Structure formats: structure tokens, C-alpha cells
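Any value given below was found using the heavy atoms of this structure, including those in side chains, with hydrogens, waters and symmetry copies removed. Since we're looking at a predicted model, the values are computed, not measured. Along the sequence shown, residues are numbered consecutively beginning with 1.
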Amino acid sequence: MTAQPTPEPPPGPPLGGREVAELVSALCRRLLDDLDTMASEVERELDVDAPRRSDFRIEERCHRLLTDPARKVAGAGVVMAPDVLADAAYWLEWWTANPDASPPEPRRLAAETDPRAVGFRDYTHLPWYAVPEETGKAHITGPYIDYLCTDQQTLTFTRPVSRRGAFAGVVGFDLLVRTFEERLFAPLERVPGSCAVVNTAGRVVTSSDVRWVTGDLIRGLPVGRWWAGERVHHPEWDYFACPGLPLGVIATRPA
């Protein structure tokens, strides 16, 4: 039998769960900064007496995001609150693209926005819209399989926009989980034990542990209590929050 070569250790010093949480926070903050810029531009265009769909330049902004190889987003757009626009009770403009294509080719999502139509879906109840409306803050929804846009495990980043002090809708973009994983693959390799990025429900976004794949629900750990800020001790695992984000990192305690 031929001896198998010993795998080389990953480059760089070992990382702990806290360092991974800091890396996740920094990555997400850079992405959310794009939404801050988009929201500011949309709010300026909404600041007229009777805004209309034609007042937005959202197509140009979305194409810029979707074709940027540094961002590799899979979708981007704006979704308006009911009756904000003078010429549409409901309205969304969302563009999608394959981030691995060279170059990506943005296409507009065909979505029914007439509430009288059979195919209409009231998006105001979906978490990527409802949570920013309720909290007034940016939100990350997922991981979930986005059957409408990507048909893949997705994270949707959204941020509220306002018009003259009132909630007016959200801007957002979709990031494929595999793109997110690509950016964390090397750091996770440097964690000596098991490590996973999870959402507030304890659902796995990405993990260094082969037992867990994206979308798995972590059972037997008090993730919900950790997320709520309770200082719950566990003999084997530590939890590290990503401040300002609905994400956290669990990691095995050092031996």
C-alpha cells in the first residue's frame, strides 16, 4: 500500500472562533456599505412630491454591482412599500446574474406586482422585507434556497429606505452561500477544532466540520440563548457573536 502524503498545514497562525467572527463581521460590513450607498441614492430620488418608477436609476446601480468581480453578487435591486409610488401600488425592480460567468449578464427578474393578478405574491411578509421594516436596520436573511432568483443556497442582504421620515421599502442584494464560503475557506482551515458560522436560529451558513453542511440546524447547543445574550456555559463549545449582524460563530474549546 502506498503511503498517503501528510497534508500540509494551512498558511498562517491558528485562528479561534473570535477571530473568525471578526472576519465575518468585516466581510459583511463591506457588503452592507454598498447598500448604504444605494439607499442614500434611492432616498434622494424619493424626495419629491409624487415619486414614480421612472425617477429611479436602479438599473445602472444593479448592473454595476452585478458585474463587479470583487463583489460577485447574484442579485440586486429595490423593493418599494405599498403606495409609496404615484404610479404603482406595489413595485420591485430586481436584477440577477450568474456571478461566475465571464462576464456576468444581468437580467431583470420578471415579478408580478399587480395585487389583482393570480401570480401576485405579497412580499411585505417576507423576512428580507419585514425585518428591516420592523427594526429600521439592515438584515441578512438566510441561508435559504432562493427558488425565485438563484435556485441555490443564498444570503439576502437588505436595508430599509425612507421617504421624508417614513419607511418606504428596502434595497438589497443576494450573495450565494458558496461565494460567502469561498471567502472564509482559508480562515476556517486555520481553526484547530470544529467551527461553524450560524444564523440566529442555529442554522449553518458554512462550517469546517464535515458533519454539517449549509442549511443544517445545529441541535443540542443553546444557540438561541447565546444569540439573546445569555452567558450560557457549555463544556465543549464557545459562541462568538458578530456585532450588529444576525450571525455568530460556534467553535470547539481548545484542548
Name all residues meeting the side-chain hydrogen bond (donor to acceptor under 3.5 Å, both in side chains) criterion together with [X]; count only those two or more places apart in sequence or in a different chain, and write none if there are none.
X: R61; result: E41, E45
X: T179; result: none
X: W94; result: D174
X: E19; result: none

What residues join V48 in its hydrophobic cluster, counting side-chain heavy atom gaps under 4.5 Å, either direct or through other members?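 For V48, no cluster forms, as it stays isolated from other hydrophobic side chains.
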
Might you work through the side-chain contact (heavy atoms from CB on, under 4.5 Å) test for T150 and T96, ending with a clear yes or no? CA-CA 8 Å; T150 68; T96 65; 6.0 Å; no

Which pairs count as salt bridge (Lys or Arg N to Asp or Glu O under 4.0 Å) when at least one residue sits in residues 191-210, sequence neighbours excluded? D209-R211

Show me the pairs that pass salt bridge (Lys or Arg N to Asp or Glu O under 4.0 Å) and involve residues 72-82, at least two apart or across chains.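 Residue pairs passing salt bridge (Lys or Arg N to Asp or Glu O under 4.0 Å), neighbours aside: K72-D100, K72-E182.
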
I need the L32 CG to D36 CG distance, nearest 0.5 Å.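 The CG atom of D36 is 7.0 Å from CG of L32, to the nearest 0.5 Å.
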
Does anything in residues 235-247 form a side-chain hydrogen bond (donor to acceptor under 3.5 Å, both in side chains)? List the pairs, not counting sequence neighbours. D238-R253

Restricting to ring-ring contact (aromatic ring centres under 6.0 Å, His included), what partner residues turn up for F120, sequence neighbours left out? Y90

Show every donor-acceptor pair shorter than 3.5 Å between a side-chain atom in residues 128-138 and any protein atom, with sequence neighbours excluded, or say none if there are none.
from	atom 1	to	atom 2	distance (Å)
T135	OG1	V131	O	2.9
T135	OG1	K137	N	3.1

According to side-chain contact (heavy atoms from CB on, under 4.5 Å), who are the partners of A89, at least two apart in sequence or on a separate chain?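 A89: side-chain contact (heavy atoms from CB on, under 4.5 Å) contacts with D83.
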
Once side-chain contact (heavy atoms from CB on, under 4.5 Å) is applied, do any residues pair with R30, and if so which ones, sequence neighbours excluded? A26, L27

